[in-house]
Amino acid sequence: MKHNFRKIEEKWQKKWEDARIFQAVDNSPKPKFYGLVEFPYPSGAGMHVGHIKAYSSLEVISRKRRMEGYNVLFPIGFDAFGLPTENYAIKTGTHPRIITDQNIAKFTNQLKKVGFSFDWDRVIDTTDEDYYKWTQWIFLKMFEAGLVFRSKALVNYCPSCKVVLSNEDSQGGKCDICHSDVVQKSKDVWYLRITQYADKLLEGLDQVDYPANIKQQQINWIGKSTGAFVNFSLDGLDEKLEIYTTRPDTLFGVTFMVIAPEHPLIDKYADRIANMDEVKAYRTECAKKTEFERTQLVKDKTGVKLQGIQAVNPVNGKKIPVFIADYVMMGYGTGAIMAVPAHDQRDYDFARAFGADIIEVIKGGDISKEAYAGDGEMVNSGFLNGYTNKKDSIARMLEELVKMGVGHAGVQFKMKDWAFNRQRYWGEPIPIVHCPHCGVVPVPYEELPLRLPPVENFEPGEEGESPLAKIESFVNCTCPKCGAKARRETDTMPQWAGSSWYFLRYIDPHNDQELADPEKLKYWMPVDWYNGGMEHVTRHMIYSRFWHHFLYDIGVVNTPEPYAKRSAQGLILGPDGDKMSKSKGNVVDPLDIVEAYGADTLRTYVLFMGDYGAATPWSDNSVKGCKRFLERVAGFTDLLSEDSETGKLETAFHRAIKKVSSDIEDMKFNTAIACLMSLTNDIYSLGKISREQLQIFIELLCPFAPHLCEEIWEFMGGEGFLSQHAWPQYDESKTVEAQTEIGVQVNGKVRGKVVIPTGAEKEEVFAIAKADSRIASLLEGKTLVKEVYVPNRLVNFVVK
RNA sequence: GCAGGAGUGGCGGAAUGGCAGACGCAUCAGACUCAAAAUCUGACGUAGGUGACUAUGUGUGGGUUCAAGUCCCAUCUCCUGCACCA
């Protein structure tokens with residue numbers, strides 16, 4: 001049979017669709033499997049081969065699960081709100097709805113051409129009002145629960161996109177979208193109190209099967225630290241300066257304090273600060289620095305002493321100077337620190353630069369050279385003198401601080417509350433009304449969805465206002481509480497909103513009464529296996545875990561954790577080994593490959609190209625290699641034979657079933673395919689294959705190259721869909737040959753090979769090995785010191 | 001700086017402490033062909049030898065072991081994440 005991929009791929013895609021064999025069944029008695037892949041952002045550029053690799057893993061696993069008798073939910077959808085579409089709308093004057101619909105149609109067509117076994121009845125689109133109704137519903141539930149708050153804050157603002165960014169979207173001081181410099185700006189910001197869930201998100205990691213590096217990244221992101229808050233009084237003022245420290249036991253070593261340049265205390269006591277001009281100049285300088293620059297100059301500490309302000313160390317009453325310096329961040333802890341130069345390198349560097357005292361309180365280092373952060377005996381520390389255990393000294397200090405009423409134990413997280421608004425059109429409207437009498441009032445549930453109004457001009461306002469602010473009919477409304485004239489919130493939600501719960505909607509995508517039927521949620525959740533990119537393991541995964549924990553707390557879902565298992569694919573690099581990018585011109589379009597070599601070849605190649613989790617460069621030649629392999633498989637139909645000689649391959653087949661089955665589970669797709677290629681070589685060497693063997697072969701290959709395998713099955717006269725066959729089983733006893741060739745070593749070096757009966761006794765094997773003429777000559781005249789036998793693998797003779 | 005991961009032929013990559021380089025690509029030779037492509041057969045880490053073979057070889061240096069790509073110590077390089085987090 002020839003591999004006429006153009007004809008057969010279209011044919012089988014249509015047959016599958018007509019027969020609806022990949023549709024998930026609610027309330028089936030079968031065991032369930034929910035396989036999830038990260039739904040794409042439907043960009044104008046269409047799909048990327050990276051998408052194909054990302055989906056192919058769970059595609060293969062889902063197909064195998066169906067063959068194993070599972071009721072499988074393997075859905076797809078579109079995460080379609082977002083800036084690229086809006087920017088394109090501004091540029092072309094086309095409504096984002098139209099652009100989005102076009103792009104979704106394009107993606108859908110592409111995905112179908114690859115033959116993915118998605119359940120197309122459950123497609124979701126986050127920009128569909130029937131979907132975002134429930135995104136808004138969850139927001140209102142959070143509002144009700146006190147998890148939503150509004151605060152005037154210094155925010156990361158991108159002057160180019162005219163939009164407020166979360167800390168996550170502005171890492172390194174660069175806008176995540178347009179890469180221009182981010183500036184700090186004071187704005188009203190909606191926040192989600194994700195920090196309230198920090199501990200739950202941390203503890204939840206114990207219950208899930210994520211790779212260690214992903215767990216570690218999430219732990220680092222949450223960044224929990226335990227320590228103490230301590231109040232220092234300011235000399236001559238009725239004022240407290242609160243600091244956070246992880247080492248309250250070093251309090252006797254404090255020789256100065258440092259506050260962030262943005263610290264509010266500076267303005268409050270501006271008239272007492274003698275060198276206010278100098279302070280102001282320093283603050284201006286700091287404000288100009290990007291976050292990136294601020295973290296680059298690690299070595300050279302800068303700062304200014306606040307003349308006229310002194311703090312008092314609560315444990316010994318010593319008066320100490322207060323500095324402002326940009327190595328202290330307003331965004332972490334209290335924006336103020338107690339400096340212990342003897343035991344913190346940053347404080348040490350600063351003390352050296354500014355001539356501050358350095359007092360040793362922990363023995364063990366050489367503080368004339370550098371700070372000592374290790375353990376040791378406490379000295380110069382009053383009631384702590386003589387303590388040698390850090391834990392004990394911290395506990396004792398906390399006790400004293402509480403007794404004195406100047407401090408207490410506390411925890412800090414690096415994770416910040418989630419800035420949840422954008423001044424943009426193409427997002428979910430935030431369902432809030434601002435009433436002059438009642439203040440902030442939530443839109444009543446029955447008014448959801450709060451729809452995006454039609455707009456002509458998508459340009460944001462000059463001060464970074466949302467385009468919605470210009471739509472009077474949208475803005476003007478009545479207060480749901482008192483009926484007075486009120487104004488709607490005009491900001492929209494960030495792109496992360498819709499993707500924070502999408503996996504729940506797949507379970508019941510057309511429900512207009514509830515987010516999803518509780519019975520269905522109970523049946524399908526949690527997601528059994530979630531595959532996606534490493535770039536989403538912190539932001540997206542932590543946000544969606546947060547939402548899911550919240551929905552668990554209000555009784556919407558049955559498990560606190562949404563994802564039982566997570567895996568991540570490695571990047572596909574360009575043929576030149578660089579990251580694929582339009583500007584480099586090294587992007588591979590998956591549809592080009594489908595048209596030139598077929599979908600089966602593309603699917604097989606992206607899984608064969610290398611270690612699934614590793615970044616691997618694209619190779620057109622290797623694609624051809626996979627095509628060649630499939631052609632050889634198609635050629636099996638010409639080798640069909642009733643000859644008993646085909647029995648020679650029995651062991652190879654049982655081994656292949658075993659290896660392919662376990663390799664798929666371990667995501668070692670490359671070796672699973674290699675095993676089938678190897679078996680193909682064996683079949684061609686023999687020149688014949690039995691009907692039963694060919695059936696097993698195509699059943700094993702079906703998850704990878706389903707169109708070809710279905711076609712072969714039909715050619716063989718098989719009935720029904722191969723995709724609905726049972727997954728083949730192997731017999732362990734038949735995975736071993738009667739005879740095995742083993743290596744024979746002399747002093748650890750391979751000197752020969754002998755054939756032994758599989759499972760032979762040690763003595764018998766040694767006898768066979770010694771009978772080998774070459775081995776015999778090497779052993780002659782030597783003393784045999786030791787004989788090692790690794791069953792069915794090798795023999796090693798140690799001689800002198 | 002901290003955390004995690006990786007260094008194996010010309011390339012992508014295989015190897016529960018047990019015959020390094022499976023499988024694929026590229027290359028070379030041969031067959032088929034007027035010729036080319038496709039296909040088929042064979043060779044293919046490096047050095048030496050006509051040859052069966054010998055030596056050597058998994059970033060580098062040590063160690064453990066009958067046996068190390070794999071384990072331990074040290075070291076170099078690269079990648080990813082976090083980063084003046086108090």
Side-chain angles (χ1 to χ4, degrees), chain A residues 171-172 211-221 223-225 227-228 243-248 250 257-258 260 291 294-301 325-329 331-340 343-347 349-350 412-415 534-535 537-538 570-571 573 575 577 604-605 608-611 613-626 628-629 631-632 635 668 670-681 684 741-753 774 785-799:
Chain A
Q171 287 183 27
N213 60 332
I214 292 179
K215 276 194 189 180
Q216 195 57 50
Q217 276 193 36
Q218 296 201 3
I219 290 167
N220 291 345
W221 188 266
K224 183 176 185 172
S225 98
I243 61 97
Y244 174 73
T245 178
T246 53
R247 294 299 301 269
T250 60
M257 302 189 75
V258 186
E291 190 88 12
R294 226 166 125 166
T295 54
Q296 277 301 294
L297 305 165
V298 175
K299 283 282 164 259
D300 305 317
K301 295 278 182 291
D326 64 358
Y327 83 92
V328 173
M329 304 291 155
Y332 185 79
T334 61
I337 62 155
M338 60 178 215
V340 187
H343 305 291
D344 181 292
Q345 193 58 41
R346 292 154 301 172
D347 297 345
D349 294 340
F350 191 86
Q412 272 296 301
F413 296 95
K414 285 187 204 172
M415 187 169 71
M534 280 307 289
E535 69 275 21
V537 303
T538 46
L571 286 179
L573 306 174
T604 305
Y605 174 65
F608 178 67
M609 65 193 297
D611 179 341
T616 311
W618 182 269
S619 160
D620 278 324
N621 277 327
S622 287
V623 176
K624 287 180 201 162
C626 290
R628 215 170 282 159
F629 162 61
E631 277 163 3
R632 279 160 66 84
K668 290 163 79 175
N670 55 338
T671 51
I673 294 165
C675 172
L676 291 173
M677 287 176 168
S678 209
L679 183 56
T680 300
N681 293 341
Y684 271 92
E741 188 187 59
I742 64 167
V744 183
Q745 298 183 332
V746 177
N747 287 344
K749 285 191 177 159
V750 181
R751 297 299 182 179
K753 295 188 179 188
R774 203 168 141 223
V785 181
K786 192 169 182 174
E787 296 170 312
V788 180
Y789 175 50
V790 182
N792 301 322
R793 285 203 171 257
L794 62 65
V795 167
N796 187 12
F797 294 119
V798 184
V799 296

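In the text below, chain A, chain B and the rest are named by the order of the sequence lines, each starting its count at 1. Since this is a predicted model, take the numbers as computed values, not measurements.
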Toward the 5' end of RNA chain B, by each residue's nearest nucleotide, A/Leu794 or A/Asp611:
A/Asp611

From the set B/A26, B/A15, B/G18, return the single nucleotide nearest to any side-chain atom of A/Thr671.
B/A15

Would you mind telling me which residue lines up with the more 5' stretch of RNA chain B, A/Ile337 or A/Asn747, judged by nearest nucleotide?
A/Asn747

Checking understanding here: a glycosidic angle within 90° of 0 is syn, the rest anti, so what is B/G10?
anti

Whole angstrom is fine here: how far is it from CD1 in A/Ile243 over to C1' in B/C85?
13 Å

Do A/Tyr684 side-chain atoms and A/Arg632 backbone N/O form a donor-acceptor pair below 3.5 Å?
yes

Counting the atoms with a prime plus P, OP1 and OP2 as sugar-phosphate, which does A/Lys668 contact under 4.0 Å by heavy atoms, base, sugar-phosphate, or nothing?
sugar-phosphate

Determine the contact category for A/Gln345: base if any of its heavy atoms lies under 4.0 Å from a base atom, sugar-phosphate if only primed atoms, P, OP1 or OP2 are that close, otherwise nothing.
nothing

Can you tell me, in whole Å, how much space there is between the P of B/G13 and that of B/C79?
16 Å

For A/Met534 and B/G81, what is the distance between atoms CE and P respectively, to the nearest whole Å?
9 Å

Give each protein N/O atom lying under 3.5 Å from an N/O atom of nucleotides 54-58 of chain B, with the pair distance.
from: B/U54; atom 1: OP1; to: A/Arg751; atom 2: NH1; distance (Å): 3.3
from: B/U54; atom 1: OP1; to: A/Arg774; atom 2: NH2; distance (Å): 2.9
from: B/U54; atom 1: OP2; to: A/Arg774; atom 2: NH2; distance (Å): 3.3
from: B/A55; atom 1: OP2; to: A/Arg751; atom 2: NH1; distance (Å): 3.1
from: B/U56; atom 1: OP2; to: A/Lys749; atom 2: NZ; distance (Å): 3.2

Could you work out the separation of B/C2 and B/C25 based on their C1' atoms and round it to a whole Å?
40 Å

Proximity to the side chain of A/Val328 - top-ranked nucleotide from B/C66, B/C84, B/A86:
B/A86

Distance between the C1' atoms of B/U77 and B/U60, in whole angstroms?
10 Å

Could you pull out all residues at least two apart from A/Asp344 that satisfy salt bridge (Lys or Arg N to Asp or Glu O under 4.0 Å)?
A/Arg346

If you check the A/Asn621 side chain, which of B/A26, B/C84, B/C23 turns out closest?
B/A26

Given the C1' atoms of B/A83 and B/G4, what is the spacing between them in whole Å?
15 Å

Give the nucleotide from the list B/C84, B/G24, B/C19 with an atom nearest to the side chain of A/Arg793.
B/C19

Take atom CD1 of A/Ile673 and atom C1' of B/A22, then tell me their distance rounded to the nearest Å.
14 Å

CZ-OG distance between A/Arg628 and A/Ser622, expressed to the nearest 0.5 angstrom
10.0 Å

Please enumerate all residues that pass side-chain contact (heavy atoms from CB on, under 4.5 Å) together with A/Pro211, with sequence neighbours excluded.
A/Asn213, A/Ile214

If you look at every strand shown and take non-hydrogen atoms under 4.0 Å, does A/Gly625 touch a base, only sugar-phosphate, or nothing?
sugar-phosphate

B/G18 and B/U65: how far apart are their C1' atoms, nearest whole angstrom?
12 Å

Could you list the residues that satisfy side chain to side chain donor-acceptor pair (under 3.5 Å) with A/Ser678, not counting sequence neighbours?
none

Let's see if you can work this out: which of B/C84, B/A14, B/A86 has an atom nearest to the side-chain heavy atoms of A/Thr246?
B/A86

N/O donor-acceptor pairs under 3.5 Å from side chains in residues 741-753 of chain A, not counting sequence neighbours:
from: A/Asn747; atom 1: OD1; to: A/Val799; atom 2: N; distance (Å): 2.9
from: A/Asn747; atom 1: ND2; to: A/Val799; atom 2: O; distance (Å): 3.4

With sequence neighbours excluded, tell me which residues meet side chain to side chain donor-acceptor pair (under 3.5 Å) with A/Thr680.
none

Whole-Å distance, A/Phe797 CZ to B/C66 P, equals 17 Å

Please verify the inter-ring angle class for A/Tyr327 with A/Phe350; under 30° counts as parallel, over 60° as perpendicular, anything in between as tilted.
tilted

To the nearest angstrom, how far is A/Glu535 atom CD from B/C79 atom P?
19 Å

Nearest whole angstrom, please: distance from the P of B/A22 to the CG of A/Leu679.
17 Å

For the side chain of A/Met677, counting heavy atoms from C-beta on, which of B/G13, B/C66, B/G24 is nearest?
B/G24

Go through the N and O atoms of the side chain of A/Lys414 and the base of B/C85, and report whether any donor-acceptor pair is under 3.5 Å.
no

Could you tell me how far B/A55 sits from B/G5 if I compare only their C1' atoms? Round to whole Å.
35 Å

Using only atom types and a distance under 3.5 Å, with no angle test, would you say the side chain of A/Asn670 pairs donor to acceptor with the backbone of A/Met609?
no

Pick the P atom in B/G57 and in B/A68, then give their distance to the nearest Å.
11 Å

Reading nucleotides 36-41 of chain B from 5' to 3' and marking B where a protein heavy atom lies under 4.0 Å of the base, S where only the sugar-phosphate is that close, and - otherwise, the string is ---SS-

Along nucleotides 2-12 of chain B, 5' to 3', which nucleotides get a B, which get an S, and which get a -, given that the test is a protein heavy-atom distance under 4.0 Å?
-SS-------B

Base, sugar-phosphate alone, or nothing: which one does A/Gln412 contact when heavy atoms must sit under 4.0 Å apart?
nothing

If I pick the C1' atom on B/G9 and the same atom on B/C28, what distance separates them, to the nearest angstrom?
16 Å

Side chain to side chain donor-acceptor pair (under 3.5 Å) filter on A/Asn621, not counting sequence neighbours, yields none

Is there a Watson-Crick or G-U wobble partner for B/A55 with both distances under 3.5 Å, and if so, which one is it?
B/U46

Please state how far atom CD1 in A/Ile219 lies from atom C1' in B/G81, giving the value in whole angstrom units.
13 Å

Is any side-chain N or O of A/Asn681 closer than 4.0 Å to OP1 or OP2 of B/G24?
yes

Start with the C-alpha gap between A/Lys414 and A/Trp221, add the side-chain angles, then the distance that decides, and say whether side-chain contact (heavy atoms from CB on, under 4.5 Å) holds.
CA-CA 7 Å; A/Lys414 285 187 204 172; A/Trp221 188 266; over 6 Å; no

Those residues that, when tested against A/Ala336, pass side-chain contact (heavy atoms from CB on, under 4.5 Å) (two or more places apart):
A/Leu241, A/Ile243, A/Ile259, A/His263, A/Thr334

Once side chain to side chain donor-acceptor pair (under 3.5 Å) is applied, do any residues pair with A/Glu535, and if so which ones, sequence neighbours excluded?
none

Closest of B/U16, B/C66, B/A15 to the A/Lys786 side chain is B/C66

Measure across A/Met338 and A/Thr245 and return the closest heavy-atom pair with its distance rounded to 0.1 Å.
CE-OG1, 3.7 Å

Does B/A86 have its OP1 or OP2 closer than 4.0 Å to a side-chain nitrogen or oxygen of A/Tyr244?
no

Between B/C85, B/C66, B/C84, spot the one nearest the side chain of A/Asn796, thanks.
B/C66

Can you name the side-chain contact (heavy atoms from CB on, under 4.5 Å) partners of A/Asp611, sequence neighbours left out?
A/Ala614

Rounded off to whole Å, could you give me the OH-to-P distance for the A/Tyr789 and B/A67 pair?
20 Å

